[in-house]
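This report concerns only the one structure given below.
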Amino acid sequence: MDVEQAVAAPDGDCFQLAVEAVDSGELVGAVGSYHADPRAGWFEYGITIGAAHRRQGYAAQAAVLLLRFMFAERRFHRCEARIFAHNEASLALHERLGFVEEGRLRERVFLAGRHRDLVVMGMLSEEFDRRHPALQAPAWS
């Protein structure tokens, strides 16, 4: 991730955040909202984690934090993610998070010398709430 992006002012509901390892403070990736339509209530997000830091839970934690903010605080209704069809790990992560495959854009992207399919996955705010309930505040007597 570019340091300038990390310190840049957000553009409304579109922003990028650094993902750091809690124990070391090392930069391990980035998560962000890339397209947002507050009037229609949807946003698109993306996440990337460096190869040396994958499969350690960083992506899932960062995604849940971003989704909770966008759904609960910003009141968006729907999130979309676009994932290369050959990226099985990312597809599996998004399924575990509660995303549903909504479509496939055939040979949409030219990458590494060939055309690749792009999978569109989506999640609604109520689906997120069911799968990832917020921590409840203690009941005070």
Side-chain angles (χ1 to χ4, degrees), residues 1-140:
M1 183 179 96
D2 187 321
V3 173
E4 288 180 20
Q5 289 178 336
V7 297
D11 177 19
D13 289 308
C14 296
F15 53 87
Q16 189 168 5
L17 303 171
V19 177
E20 292 184 354
V22 174
D23 57 346
S24 68
E26 180 181 7
L27 179 65
V28 299
V31 63
S33 169
Y34 297 99
H35 303 286
D37 184 339
R39 183 173 175 175
W42 69 270
F43 70 97
E44 185 176 335
Y45 103 106
I47 188 160
T48 184
I49 301 295
H53 304 285
R54 293 181 186 149
R55 300 197 183 272
Q56 297 178 37
Y58 295 117
Q61 284 183 324
V64 168
L65 287 171
L66 180 131
L67 293 168
R68 181 163 288 126
F69 172 75
M70 294 297 281
F71 287 140
E73 299 298 324
R74 300 299 300 144
R75 304 285 189 226
F76 280 90
H77 175 68
R78 168 184 175 73
C79 177
E80 293 178 9
R82 294 172 182 251
I83 303 162
F84 292 121
H86 66 276
N87 189 341
E88 294 176 9
S90 186
L91 291 169
L93 166 68
H94 284 83
E95 286 177 11
R96 284 192 311 275
L97 290 172
F99 282 81
V100 175
E101 183 174 328
E102 296 182 335
R104 182 174 295 254
L105 304 174
R106 298 177 306 134
E107 298 185 3
R108 170 81 159 152
V109 178
F110 189 77
L111 177 69
R114 59 185 273 212
H115 287 93
R116 307 271 183 160
D117 289 358
L118 197 60
V119 177
V120 179
M121 300 190 81
M123 181 188 297
L124 303 177
S125 61
E126 58 267 14
E127 294 168 338
F128 177 81
D129 291 342
R130 281 195 303 273
R131 173 96 30 133
H132 307 278
L135 298 174
Q136 295 192 358
W140 303 104

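Residues meeting the side chain to side chain donor-acceptor pair (under 3.5 Å) test with E26, sequence neighbours left out: H53. A search for ring-ring contact (aromatic ring centres under 6.0 Å, His included) contacts involving H77 returns nothing, not counting sequence neighbours. Legend: residues meeting side chain to side chain donor-acceptor pair (under 3.5 Å) with R68, ordered by chain and number and at least two apart, are absent. For F76, the ring-ring contact (aromatic ring centres under 6.0 Å, His included) test picks out F43, with sequence neighbours left out.
Contact detail for A30 and Q16: the closest heavy-atom pair is CB-NE2, 3.4 Å. Closest non-hydrogen pair, A36 versus C14, comes out as N-SG, 3.7 Å. For the pair I47 and A63, the tightest heavy-atom approach, listed with the atom from each and the gap, is CD1-N, 4.1 Å. For the residue pair R131 and E95, the shortest heavy atom distance occurs at NH1-O, 3.3 Å. The shortest heavy-atom contact between A62 and V19 is CB-CG2, 3.8 Å. Nearest approach of L91 to A85, heavy atoms of both residues: CD1-O, 3.5 Å.
Side-chain contact between C79 and F128 is absent, with no heavy-atom pair separated by less than 4.5 Å.
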request  = Tell me, with the steps shown, if R104 and D117 meet salt bridge (charged side-chain N to carboxylate O under 4.0 Å, His left out).
outcome  = CA-CA 7 Å; R104 182 174 295 254; D117 289 358; 3.8 Å; yes

request  = Starting from the C-alpha separation in whole Å, work towards a yes-or-no answer on side-chain contact (heavy atoms from CB on, under 4.5 Å) for M123 and F71.
outcome  = CA-CA 10 Å; M123 181 188 297; F71 287 140; 4.2 Å; yes

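Here the CG atom belonging to L118 is positioned 6.5 Å from the CZ atom belonging to F84, to the nearest 0.5 angstrom. Here the straight-line distance linking atom CG of L93 with atom CD of E88 works out to 13.5 Å at 0.5 Å rounding. To the nearest 0.5 Å, atoms CG (L65) and CE (M70) are separated by 13.5 Å.
Listed by first and then second residue, the salt bridge (Lys or Arg N to Asp or Glu O under 4.0 Å) pairs involving residues 32-54 are E44-R82 (not counting sequence neighbours).
At least one donor-acceptor pair closer than 3.5 Å links the side chain of E127 to the backbone N or O of L124. Remark: side-chain polar atoms of R75 are paired, donor with acceptor, to backbone N or O of A72 under 3.5 angstrom.
Taking a 6.0 Å sphere around CZ of R108, one finds it holds 12 or fewer heavy atoms contributed by other residues, nucleotides or ligands. Within a 6.0 Å radius of CD in E126, other residues, nucleotides and ligands contribute more than 12 heavy atoms.
Test L66, L67, T48 against V31 for side-chain contact (heavy atoms from CB on, under 4.5 Å) and you get one pass: L66.
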Let me check something: any side-chain donor-acceptor pairs from residues 96-103 under 3.5 Å, sequence neighbours excluded? List them with distances.
residue, atom, partner, partner atom, Å
E102, OE1, R78, NH2, 2.4
E102, OE2, R78, NH1, 3.2

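Note: H94 and Y45 have tilted aromatic rings, judged against thresholds of 30 and 60 degrees for the angle between ring planes.
Residues R74 and D13 are paired through a salt bridge, judged by an N-O separation under 4.0 Å between the basic side chain and the carboxylate.
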